[in-house]
Amino acid sequence: MLRSLTRLRSIIVLTMAFVLLLPAATGVAEKAGTSQSSDLVEDAPVAAAAEPQVAVADETGDPYFLDKLTEWKQKGASDVHDGKVVLHATDYSRAIEGASVQTGNVDGRALAIDWRLENEEWIEYDFFVEQAGLYKIDLTYRPVTDDNRRRPILLNVSVDGRNEFLEARSVTLDRRWKDPFPASLDSNGDQIRPMAEDISGWMTTSLRDSGGAYVDPLQWYLTPGKHTLRFTSTEPFALGSIELSAPDQVPDYETARQPNAGGNEGSEGGVPIVIEAEQADWKSDSSISLRYDNEIDNTPYKRGKITYNTVKGSRWSSGNGEISWNFDVSESGYYKIGLRVIQNFSSNRSSFRTIRVNGKIPFSEMKAYRFSYASGWQGVQLEDERQQPYLIYLEKGSNTISMQVTQAPVKPMISELEKTVTGLMALATDLKALTGGSDDTNRTWKIDNELPGFTDNLGKIADSLDAVQQQLVEVNGRKDAVTQGLFTTIKDIRSMLADPNQIPYKTNSFVTMQGKVAEMLQQLKSQPLGLDRIFIVPENQKFPRMEATFFKKAEGAFVNFFYSFQSKERLSSMDDDVLNVWVLRGRDYINLLQQMADEQFTPATGIKVKINLLPDTNLLVLMNAADIAPDVALGLPQTLPFDYATRNGLYDLTKFPDFDSVYKRFAPGTWIPFYYDKGYYAMPETQSFSMLYYRKDILNELGLEVPNTWEDVYDMLPTLQQNNLNMAPVQHMPFFYQNGAEYFTRNGQQTALGTETGYKSFKEWTDLYNVYAVDQQLASFYQSFRSGTVPIGIADFSMYIQLMVAAPELNGYWGIAPIPGVVQKDGEVARWMGGNLQSSVIFKKTKKAEQSWEFLKWWTSAEVQERYGSDLESINGLSFRWNTSNIEAFVHLPWKREDLNSILEQWRWYKEIPNVPGSYFLERELQNAWNRSVVDGINYRSSLETSIGEIEREMRRKMQEFGNIDSQGHVLRPLVLPEVNMPWEGVNPFVRE
């Protein structure tokens, strides 16, 4: 019997959060007391079941702002009124017990509070409203700029004890950053990308959604009487004042164009103003970075030199990313605006920006101005549909212009696609419940009888997608990749509906379609735009030339072609006078490392270093064959050093006398894959941690605790599955290591999988699917976690970054914990688990072994790793969080305290799989054994035995090749693998209480 669809939909309605780049952070701590509620506001119902296209709320009943605003206005709420409430920050009514609040003068501002919280805290304000209406909230605040802080401030805003809409859970208060100019130069005369400086001071802003979904600020309907406003946060900041008032009314262009009071219709004597986009007065996000573009008409341009001369469009594409520029006007009057931009990031798709002049949107047409797709740089004049330029009145003296990312024009389509994802997921769940998750081709179905309404709902989804496709063409101005993708999905659905009784055999198609629509959502939310210059030109004058002529482009192409042969960074250009270091990372990583080496390492040691980009590990093989090799290579995957060590290509680091002191910097389990023939041939550099990710809200709703052991997991799975939820698939490593099994024998000659402990571990792994019904595969744990259908699972460090960067609506609603473990005889829970390492090596052919070792010791030191990680994140944002293997540096990066403690506990149990000749067969054959046991239903023991035979056959072949055994199998050179069977005590000094 199918489970209740009503209960199903009430749980999976969280799907809508997974694609909405809106704030949703810290949970409301505790309900405010006896505050008066709006008589227009009713409890928002949880989205009902039967129709997948219903308006969506989250699990707690919080609707989206757009839906709530529409509801308020339908009931008569007005945003035009004279009501105003002004509160001093020091006039708060109550706060959480022990709140870290100090009142007084803060940075020159009186009647302010300095809120130096370290964990989640809240503060409340009681106030009285005289006039009913819709109110925006303006805050005057100052971010804390010390303690290596870079994140924006996240606030949960509740009124009268509840979040009126989903976006109120996590409102973002931005910092202000500035790129210092002139930029520094490296030894080649190229500019070094400036590192943004936090120049945040006191500022006033209206509370807005952090996803850029709406141009106007968030609004709350308030009735006459007493109300309570609560702010909940986890980030320290100073608060000066709070003002509630009616939202600003922005006129259209014709109204705003009326002559100004001075009667000056134009500017006859004004001069054109050219603003270099890269030299902004401030930007709201440090990750909005600059880019070197060698198109000859971009300025400044210096032949053969790297000059950061544009704003990088791909980094200026999300959230409310805003950039502001100051400029001086010599004469009051009307001016027109032009821009030199590039918008070629997604074929045929437009991007949108909100444009403000002197802090205000001059007229409604600037709320979301469209920048159309073009293949290259283009000159864009801000103009109306008749191609007449918009004129903006500017007073003589200092003025500002700012541009802010917005997705407002496509927000309605985004909402519909979010509902589509919800609908497809709901239908897929119904289908799975019907078929039991098996595509049994021997069974016939009558879908309309066995799942009434299923085909009707699927047809409505197709109709909705068709409407979205047409709306996108209208908004975008042409068809693009998203509309083409929607066309394909619609075609797939129509094909299914043509023969509906075949649908139960195509359950995987729903997962595929869901993934495609989710990808389209992400594309729509990205609004990239590159920018070179802004032109402010008097009304009656012509714009300067904004695009290169044909002959200028031809000249630029020739110049760039010529200088491409003058590359200063060819890997073959080895300099015997310097230490040659190749790095398998992006340009941003390399430039920063070169800068730090020039500033710190070379002056301290006298060793000059040349850092080069290694684009592909295959080049190492080719260059080595050509007898060209660097002294040092960084960023290599953990399997590569072993391959080179077996071929005598790397230097044994244990040969250095102070190796033991360096060894202690890292967990013993991180060294395991770099061991070969009694030596270590690489050094850990970064590591990815596997952690348990869980949805706090869903587990609390179901009355479940975060599992500590695998027995706890088995106990919670029935409850999850009864509510059509599940856990993400888990890999084999924790089951083997936590049960005391090893992958290879100590002498490295055979696998250790064939022991009773090995068989027991393999059985536990397969039982997770065969007995406890965890899904065998999952298209995306990240997407399913955001949607709430898979509220718990094990994932690596990249999942943490994804959730922090791309899922702000879940902030405060998810957490991480050490992975479940196995209780040992002494009562301790063993949580052994690996991750993924990047490593540093010294090549055997180097003539500078001692200098190379000095460089590696410097590079992996705590001081350098902390500085590198901090600077990298300052320049590029949170998505570039540096997961260093040096624990002392790691703890000084800006982690949440509770997250850091969880990571450190898991760090104690970090242990990688050793490498032996032929061990590359291990992963493949374990997966084959799993497939036989779980998919084909073959006995677990015989499945594993088959794989053991295949692994050991390949091991013998490779060991003969490398001289570890002879042709008869006699051991010539035992490997003697290192043992790690105790948790690392080196973590203990860094655990924070």
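Every value quoted in this text rests on a predicted model; they were computed, and no experiment measured them.
Applying the salt bridge (charged side-chain N to carboxylate O under 4.0 Å, His left out) criterion to Asp767, with sequence neighbours excluded, gives Lys763. Asp658 meets the salt bridge (charged side-chain N to carboxylate O under 4.0 Å, His left out) test with Lys857; sequence neighbours excluded. For Arg924, there are no salt bridge (charged side-chain N to carboxylate O under 4.0 Å, His left out) partners at least two apart in sequence or on another chain. Residues meeting the salt bridge (charged side-chain N to carboxylate O under 4.0 Å, His left out) test with Asp588, sequence neighbours left out: Arg193, Arg315.
Contact detail for Asp616 and Leu584: the closest heavy-atom pair is N-CD1, 3.9 Å. Summarising the geometry of Ala728 relative to Phe781, their closest heavy-atom pair is CB-CD1, 3.6 Å, with the distance given to 0.1 Å.
In this model, a donor atom of one side chain and an acceptor atom of the other lie less than 3.5 Å apart for Ser943 and Ser933. The closest side-chain donor-acceptor pair between Arg665 and Thr860 falls under 3.5 angstrom. Remark: the His732 side chain and the Glu923 side chain contain an N/O donor-acceptor pair separated by less than 3.5 Å.
Aromatic rings from Trp765 and Tyr940 are positioned such that their centres are separated by 6.0 Å or more. In this structure, Trp671 has its ring center closer than 6.0 angstrom to the ring center of Phe659. No close placement of the Tyr675 and Phe642 rings is indicated, their centers lying 6.0 Å or farther apart. With ring centers used as reference points, Tyr681 lies 6.0 Å or more from Tyr644. Trp853 and Tyr651 have their aromatic ring centers separated by at least 6.0 angstrom. Ring to ring, Trp895 and Phe890 are close: their centroids are under 6.0 angstrom apart.
With respect to Phe689, the ring pair (Phe, Tyr, Trp, His ring centres under 6.0 Å) criterion is satisfied by exactly one of Phe797, Trp907, Trp909: Trp907.
With contacts defined as side-chain heavy-atom distances shorter than 4.5 Å, the pair Leu593/Trp859 qualifies. Looking only at side-chain heavy atoms (C-beta outward), Glu685 and Leu837 stay at 4.5 Å or farther from each other. Looking only at side-chain heavy atoms (C-beta outward), Pro917 and Met959 come within less than 4.5 Å of each other.
Here the OG-CZ distance, from Ser852 to Phe656, works out to 7.0 Å after rounding to the nearest 0.5 Å. The CG atom of Leu856 lies 6.5 Å from the CG atom of Leu634; values are rounded to the nearest 0.5 Å.
Other residues, nucleotides and ligands contribute over 12 non-hydrogen atoms within 6.0 Å of the CD atom of Glu828.
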Show the atom names and distances, to 0.1 Å, of all donor-acceptor pairs under 3.5 Å that link a side chain in residues 983-991 to residues at least two apart or in another chain.
| from | atom 1 | to | atom 2 | distance (Å) |
| --- | --- | --- | --- | --- |
| Asn988 | ND2 | Glu985 | O | 3.4 |

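Sorted by first then second residue, the side chain to side chain donor-acceptor pair (under 3.5 Å) pairs that include residues 960-973, not counting sequence neighbours, are Tyr676-Arg973, Asp677-Arg973, Lys958-Glu961, Asp966-His970.
Salt bridge absent: Glu979 and Lys911 never bring a charged side-chain N and a carboxylate O closer than 4.0 Å.
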